[in-house]
Every structure is written in structure tokens, then in C-alpha cells.
Protein chains: 2
Amino acid sequence: MNEEIFNTPLFNGLTREEIKTLLESVVCQYRRYSEGQLIASAGEVCNALQIVLKGRVKGEMIDFSGKVLKIEEIYPPKPLAVAFLFGQNNRYPVTVSAVVPTLLLVIPKKSVVSLMHNSEIFLINFLNAISNRAQFISGKLRFLSFKTLQGKLAHFLIEQDNIQNKNGRIFLSKTHEELAELFGVARPSLSRAIRKLHHQGIIRCFGKNIEIINWDELKNIGNKTG
Amino acid sequence: MNEEIFNTPLFNGLTREEIKTLLESVVCQYRRYSEGQLIASAGEVCNALQIVLKGRVKGEMIDFSGKVLKIEEIYPPKPLAVAFLFGQNNRYPVTVSAVVPTLLLVIPKKSVVSLMHNSEIFLINFLNAISNRAQFISGKLRFLSFKTLQGKLAHFLIEQDNIQNKNGRIFLSKTHEELAELFGVARPSLSRAIRKLHHQGIIRCFGKNIEIINWDELKNIGNKTG
DNA sequence: TTTTGTTTGTAACATTTGTTACATTTATGG
DNA sequence: CCATAAATGTAACAAATGTTACAAACAAAA
């Protein structure tokens with residue numbers, strides 16, 4: 001039995017013995033994939049829970065015209081597409097393949113239901129997993145709902161201040177390039193937006209450190225959402 | 001017992017008797033709200049499942065500066081914030097209030113867990129509800145990821161054709177105003193985008209009817225995502 | 001230190017979208 | 001049928017962002 005199984009958030013709060021017993025009570029299997037091998041195509045029905053135990057897996061969105069668009073990577077010991085096992089349209093939204101040699105634990109939908117019946121802890125963990133996913137996407141969506149770049153930036157800075165809790169002194173752990181990517185804009189545009197806030201006397205910049213000076217104004221800018 | 005309870009998707013596949021028995025086995029209550037009354041504030045911990053049985057409920061997002069931003073309305077017999085009952089950050093993302101006099105069925109989180117234990121059908125229904133929500137948001141996110149208006153429009157038209165399945169003949173059930181709102185752009189901008197596709201010979205317009213002529217080009221436009 | 005590559009600042013210009021305004025068409029009620 | 005309101009087409013201009021290019025600053029390695 002692979003060691004990573006015991007670290008999966010889905011089995012959080014269960015002892016090793018309990019996990020073993022649970023898994024022995026249902027049908028499930030290991031599956032190995034070689035580098036680059038296809039795991040599931042976008043649109044394919046998702047009828048099993050898959051947990052990455054070794055290696056790495058990526059999801060790619062393929063466009064109407066066949067161009068590859070976006071990538072999300074999943075590392076052990078995380079499950080894969082939890083929010084697409086149930087629901088009306090339970091199909092993979094992306095094409096999934098192994099980045100490196102990968103080991104998956106595959107648990108058929110029926111077995112997942114059995115597990116939820118046999119263990120309330122697993123049930124709660126599974127609900128948490130889906131909910132976390134929904135909440136994560138929901139946050140992203142809210143972020144994108146800010147129409148202007150200034151709005152996104154202001155929102156981001158305020159959020160970062162909440163997280164870092166350094167009283168208006170924020171350290172950017174990402175490069176401008178990465179931030180621009182996150183915001184969905186070009187890098188020079190982000191530079192401009194930062195410069196503008198600086199010139200307006202709302203923030204002060206020292207390299208990767210930013211200090212918020214005028215809170216009221218910053219919050220007002222975050223205002224314009226659409 | 002309110003009639004709408006038997007129509008809730010969460011009790012789909014259960015007989016009236018089964019639903020009655022189930023609900024009598026757990027703690028839950030009705031709650032009435034008058035017009036405009038606050039049901040839950042954004043940020044408040046969500047520790048009960050709420051089902052709208054009568055009336056109407058709205059969710060409003062409130063901004064850093066206190067301005068109201070977006071509204072989503074929920075009608076009977078739908079549940080409220082299913083994706084925020086579990087998960088790490090199980091707090092209401094929006095402020096919820098009653099639009100008209102409203103009756104809610106409130107089922108505490110613990111009772112929900114009991115229900116899932118007592119009825120596999122309810123369990124599956126609940127999983128479906130959360131998953132549907134996640135899938136819905138996920139789709140919206142993918143939609144917003146198209147950077148250009150032309151891209152969004154192209155994506156929308158192709159999607160509509162898939163849904164309506166009329167071989168490239170699409171009927172718009174929404175006004176341009178509503179579509180523009182959906183796309184997050186101004187109405188004249190949407191008009192321009194449509195006109196452009198028209199002038200390029202990619203689509204033909206007859207009032208609310210649109211016909212796709214050049215599929216390849218349309219798909220190529222949807223290509224530009226970011 | 002020098003060298004090299006990465007990150008950042010900034011400018012000029014192109015493109016896209018927003019805003020406003022108004023004419024035209026299309027529904028709707030009387 | 002007319003009268004009115006709503007929805008749509010379109011133009012002119014403003015504002016925001018993308019694109020490209022290059023220089024300056026910084027970091028890591030030789």
C-alpha cells in the first residue's frame with residue numbers, strides 16, 4: 001500500500017488501520033501512467049475518483065480550434081476532479097495527462113458512495129473537498145469580476161494585506177510577470193497601473209515591497225466592479 | 001408541511017412518505033422573513049442548509065467601500081449556498097436577504113449529515129447539488145477567460161448552437177442588453193462585435209435569429225483566450 | 001569583478017472597449 | 001389604428017489596455 005494514501009486530505013482524521021480497512025472493503029485499483037500518457041480526455045464521463053499518489057498530472061484545456069490553452073497541475077497526494085464525479089454534467093472539463101511517470105489510486109463512483117456510507121469522516125472530507133474547490137473557483141470569479149485593472153490591483157493589495165497582516169506593508173512573492181498573468185493582463189499594463197497608484201500617492205513602492213498609504217482611496221478604486 | 005419541500009431537488013427520487021419520515025428524524029425548522037429582511041451577512045459562518053420554500057431571496061456582494069455590486073436571486077424550491085456549508089472557509093460569500101415575504105426550511109449542518117447517513121438518495125442529491133454549483137461556476141470562469149469580446153461572442157454562439165442544435169441557426173432568447181451584461185461589456189460594444197462578425201461574412205443576422213456561415217473562422221476567433 | 005540573463009520601467013503607437021448621443025426599428029397597450 | 005415605450009444600429013470621441021521595443025536595474029554565476 002502506497003504511503004501517500006495516508007496523507008490524502010480525503011482520509012484526514014482516520015488512522016492508518018481505519019484507512020486500510022475502509023479501502024479493503026471496496027473495489028478500487030492502482031493505475032500507472034508513463035510520461036505524457038493520456039489519463040482522461042475532456043468531455044469524457046468521469047466515473048471514478050482518482051488520487052495522485054506518485055508523479056504529477058496536468059489538465060489542459062483544448063480549444064474549439066484545437067489549440068492548447070491553460071494548464072493546472074496536481075501533485076500527490078491530492079485527488080483529481082472531485083467536483084466532476086457527481087453532478088449533472090459529470091465530464092472532465094479538461095484533458096488530463098501524466099507529466100512524469102505517475103501512480104493513481106482509482107476508486108469507482110460506487111465505491112466512493114460506499115466509503116461515504118462506511119465512514120462519516122470520509123464523507124465530511126469529501127464534501128469539504130468539493131466545497132473547497134467551489135469556493136476557490138468562486139473567489140477567482142469574484143476577482144475577475146473587477147473590470148478595470150486598477151480595481152483588480154486594489155482588490156489584490158487589500159487581500160494581500162489581510163493575509164500578510166503587516167499593517168499596510170505588503171511583500172510581493174511573485175514577479176510582475178506572474179502577477180500580470182494572474183490578472184490576465186500584459187505586463188506593461190500592470191506596471192502602468194502600479195505607477196498610477198504610486199503617482200496618486202495611494203501606495204509607495206520599494207522593489208517588491210509595497211506600502212499602502214491612502215486606504216480610503218484604495219478601497220474606493222476597488223469599488224468599480226461592474 | 002409545505003408542499004414545495006417535495007419538489008426540492010435535494011429530495012428528488014424520494015416518496016412523500018420517505019421525505020416526511022426523514023425530516024421528522026432530524027432537527028430542523030421553518031423560518032419566516034419579511035420583505036427586505038436580512039437572512040445572512042457576507043462573511044458570516046454558514047452552519048445550516050437553507051431551502052427557499054416561498055418567496056424569493058437575493059444575494060448581494062458588498063464592496064470594500066460599501067457599495068452594492070451584484071445580485072443573484074434564488075426561487076423556490078431551491079437550496080441556498082450549498083457549496084458554502086462545508087469546506088475550509090464556510091462563510092457566506094454574499095449578503096443574503098429576502099426580496100419578498102419568504103419562508104425558509106433551515107436544516108443545521110449536523111442534521112444534514114444525519115440525512116445523508118439515513119438516505120443514500122439524499123446523499124447523492126446533495127453531492128449533485130454541490131457539484132452542479134461547482135460546474136456552473138467553472139463554466140462561467142472558462143467563459144470569462146476569453147479576453148476579447150469577439151472571443152466571448154464566438155464561444156457563446158458555438159455553445160448556443162450546441163444547445164439549440166439547429167445546425168447553425170441560433171435564436172437569441174435574451175436582449176442585447178442582457179447579453180452585454182452577461183459578457184460584462186457595454187451594449188454598443190456588443191453591437192459592434194456582432195456587426196463585425198456580420199461584415200466578415202462569418203454570421204448573418206435576422207433580428208434575434210443568427211445564422212453561422214463560416215464555421216472555421218468562428219472557431220478560430222474563439223481561439224484567442226489568453 | 002565581469003558577465004550574463006532575468007526582471008522591471010517606460011515610451012510610442014495600435015487596438016479594443018466604454019460613453020454618450022441620437023436615429024431607427026420593433027414591441028406593446030390603448 | 002395610433003401612441004408610447006423598449007430595443008437596436010450606429011457614429012464620434014474618450015479611456016483603457018495590448019504590443020513592441022529598448023534601456024535600466026538587479027541577481028546569479030563564472
Q) Reading nucleotides 14-19 of chain C 5' to 3', which nucleotides get B (base under 4.0 Å from a protein heavy atom), which S (sugar-phosphate only), which -? A) --SBBB
Q. Which residues satisfy the salt bridge (charged side-chain N to carboxylate O under 4.0 Å, His left out) test with A/E178, sequence neighbours excluded?
A. none
Q. C/dT10 phosphate, OP1 or OP2: any side-chain N/O from A/R195 under 4.0 angstrom?
A. yes
Q: Take atom NZ of A/K208 as the centre, draw a 6.0 Å sphere, and report whether it contains more than 12 heavy atoms from other residues, nucleotides or ligands.
A: yes
(Q) Any side-chain N or O of A/H176 below 4.0 angstrom from OP1/OP2 of C/dT6? (A) no
(Q) Measuring from atom CG of A/L53 to atom CZ of A/R31, what distance do you get when rounded to the nearest 0.5 angstrom? (A) 13.0 Å
(Q) Taking salt bridge (charged side-chain N to carboxylate O under 4.0 Å, His left out) as the definition, give me every residue that meets it alongside B/R32, ordered by chain and number, with sequence neighbours left out. (A) none
Q: In sequence, state the C-alpha distance, the side-chain angles, and the governing distance for B/E159 and B/N162, and then conclude on side-chain hydrogen bond (donor to acceptor under 3.5 Å, both in side chains).
A: CA-CA 5 Å; B/E159 195 180 65; B/N162 276 335; over 6 Å; no
Q. So how far off straight is the helix from C/dT1-D/dA30 to C/dG30-D/dC1, going by the axes through five pairs at either end, to 10°?
A. 40°
Q. Is the phosphate of C/dT10, meaning OP1 or OP2, less than 4.0 Å from a side-chain N or O of A/S191?
A. no
(Q) Would you say A/S138 and A/Q135 are linked by a side-chain donor-acceptor pair, where the criterion is simply a distance under 3.5 Å? (A) no
Q) Atom NE2 of A/H198 to atom P of C/dG9: distance rounded to whole Å? A) 10 Å
(Q) I'd like the 5' and 3' limits of the part of DNA chain D contacted by chain B, with heavy-atom contacts below 4.0 Å. (A) D/dT8 to D/dA12
Q: Mind checking A/K208 for me? I need base, sugar-phosphate or nothing, with any heavy atom below 4.0 Å counting as a touch.
A: sugar-phosphate
(Q) For B/F86 and B/F126, take the angle between the two ring planes, folded into 0 to 90°, and tell me which bin it lands in: parallel under 30, tilted 30 to 60, perpendicular over 60. (A) perpendicular
**Q.** Inter- and intrachain pairs under salt bridge (Lys or Arg N to Asp or Glu O under 4.0 Å), touching residues 125-138 of chain A, at least two apart
**A.** A/E72-A/R133
Q | Aromatic ring proximity, centroids under 6.0 angstrom, B/F11 and B/F6 | A | no
(Q) Closer than 4.0 angstrom, basic N to acidic O: yes or no for A/R56 and A/E73? (A) yes
Q) In terms of the angle between their ring planes, are B/F156 and B/F183 parallel, tilted or perpendicular, with boundaries placed at 30° and 60°? A) perpendicular
